[in-house]
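Notes follow once the structure below has been shown.
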Amino acid sequence: MSWSALLSIITGLELTLKLFSLVLVLSLPLGLLVAVAKVYGPKFIQRLITLYIYAMRGTPLLLQLMFVFFGLPYVGITLDRFPAAVFAFVLNYAAYFAEIFRGGMVGVPTGQFEAMKVLGINHFKGYRNVIFPQVLKTTLPSLGNEILALVKDTSLVYILGLGEVLRAGQIAANRYASLIPFIFVGILYLIVTGIISYLLNKIEKQYQF
């Protein structure tokens, strides 16, 4: 494998990490907001959110990427390749994160809400200081699994012609008729997921109460 092929794979890794970071930063808070609206919002909002989550979880992410990039221009909305990928990923992962957060919310005993009311703790402060830490504790393992899945799902952006790390490795492997680029890409994925797993474990330990 030549130096130029190595550089192309590193460049692909940069795009993969950039996409992963943006999607994670945007989809986590969006998923939390969606979950709150589904649990505590009006009935018609809950129905709309249920339909949205059903559509996102019931169709392949690859199809959603194609719809956003190739389909939206038909209704006058045109996005460049990278923003289209971010948009599709955020919509998809926010739905999954919302269901995870919702599961944590409904698992909190209702007596705690009654206790906050009796103690005169306002809803926002009580939710931030009492309820959300418990939700986060119970949902962290599931969130961690989805975050790790996000790292690997970024490879799907090849359909939009983006040169992420796996696509760069495939091009190098085809050019040199060698498996070494794929091995190198696999090592990079293992390093990235290993670092993320370590950080997630550190966060989990902070919520062991």
Side-chain angles (χ1 to χ4, degrees), residues 8-35 49-72 77 79-104 136 139-174 179 181-201 203-204:
S8 67
I9 292 175
I10 297 299
T11 302
L13 178 63
E14 291 176 1
L15 188 142
T16 294
L17 294 177
K18 181 180 178 182
L19 177 62
F20 165 78
S21 302
L22 281 173
V23 172
L24 187 62
V25 168
L26 295 174
S27 61
L28 270 176
L30 178 60
L32 179 60
L33 289 175
V34 171
I49 291 174
T50 299
L51 182 61
Y52 154 69
I53 292 176
Y54 174 74
M56 292 297 103
R57 297 174 69 190
T59 57
L61 177 55
L62 188 62
L63 180 63
Q64 295 166 22
L65 284 164
M66 296 173 65
F67 177 80
V68 168
F69 186 69
F70 298 108
L72 289 184
I77 302 174
L79 299 174
D80 290 336
R81 298 177 191 276
F82 187 77
V86 172
F87 182 63
F89 267 84
V90 169
L91 287 180
N92 181 275
Y93 270 85
Y96 282 92
F97 288 143
E99 279 298 276
I100 293 173
F101 282 127
R102 184 190 65 82
L136 191 58
T139 58
L140 267 175
S142 298
L143 289 173
N145 288 335
E146 286 300 321
I147 291 170
L148 291 175
L150 173 58
V151 177
K152 294 171 284 188
D153 279 350
T154 55
S155 62
L156 295 176
V157 297
Y158 78 89
I159 196 68
L160 305 185
L162 291 171
E164 46 75 44
V165 63
L166 184 57
R167 185 169 186 264
Q170 183 177 17
I171 292 172
N174 292 337
L179 287 177
F182 284 134
I183 295 173
F184 184 65
V185 168
I187 292 172
L188 290 178
Y189 271 117
L190 288 172
I191 292 173
V192 171
T193 54
I195 293 172
I196 294 172
S197 297
Y198 173 78
L199 294 175
L200 290 171
N201 288 333
I203 296 173
E204 281 191 48

- Message: Between Leu22 and Phe82, is there a side-chain heavy-atom distance shorter than 4.5 Å?
- Response: yes
Spatial distance of atom [atom1] ([X]) from atom [atom2] ([Y]) [nearest 0.5 Å]:
X      : Y      : atom1 : atom2 : result
Leu30  : Leu91  : CG    : CG    : 7.5 Å
Leu188 : Ile183 : CG    : CD1   : 12.0 Å
Ile100 : Leu32  : CD1   : CG    : 12.0 Å
Ile10  : Leu15  : CD1   : CG    : 13.0 Å
Ile196 : Asn201 : CD1   : CG    : 12.0 Å
Leu156 : Met66  : CG    : CE    : 11.5 Å

- Item | Intermediate values then yes/no, side-chain contact (heavy atoms from CB on, under 4.5 Å), Tyr158 and Gln170 | CA-CA 11 Å; Tyr158 78 89; Gln170 183 177 17; over 6 Å; no
- Apply the test side-chain contact (heavy atoms from CB on, under 4.5 Å) to residues Phe89 and Leu150: give CA-CA distance (whole Å), side-chain angles for both, the deciding distance (0.1 Å), then the verdict. CA-CA 9 Å; Phe89 267 84; Leu150 173 58; 3.6 Å; yes
- Just say parallel, tilted or perpendicular for the rings of Tyr93 and Tyr96, cut-offs at 30° and 60°.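 Ring orientation of Tyr93 relative to Tyr96: tilted.
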- Query: Testing Leu33, Val34, Leu28 for side chain to side chain contact (heavy atoms under 4.5 Å, CB included) with Phe101, which one passes?
  - Reply: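 Passing option: Leu28.
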- For residues 49-72, the side-chain hydrogen bond (donor to acceptor under 3.5 Å, both in side chains) pairs (sequence neighbours left out) are Arg57-Glu99, Thr59-Gln64, Gln64-Asn92
- May I ask you to decide if Leu160's main-chain N or O and Arg81's side chain share a donor-acceptor pair within less than 3.5 Å? yes
- Query: When you measure from the side chain of Thr16 to the backbone N and O of Val165, does any donor-acceptor pair fall under 3.5 Å?
  - Reply: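 Yes, because the side chain of Thr16 sits within donor-acceptor range (under 3.5 Å) of the backbone of Val165.
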Taking every non-hydrogen atom, the tightest pair across [X] and [Y]:
X      : Y      : answer
Ile147 : Leu200 : CD1-CD2, 4.1 Å
Arg167 : Glu164 : N-OE2, 2.7 Å
Gly31  : Phe97  : CA-CB, 4.3 Å
Ala85  : Leu162 : CB-CD1, 4.0 Å
Leu65  : Ala88  : CD2-CB, 3.6 Å
Tyr189 : Val151 : CE2-O, 3.8 Å

- If you draw a 6.0 Å radius around CZ in Phe67, do more than 12 non-hydrogen atoms from other residues or ligands fall strictly inside? no
- Might you work through the side-chain contact (heavy atoms from CB on, under 4.5 Å) test for Phe20 and Val192, ending with a clear yes or no? CA-CA 11 Å; Phe20 165 78; Val192 171; 6.0 Å; no
- Task: Kindly determine whether Leu143 and Leu136 satisfy side-chain contact (heavy atoms from CB on, under 4.5 Å), including the steps that lead there.
- Result: CA-CA 9 Å; Leu143 289 173; Leu136 191 58; 4.2 Å; yes
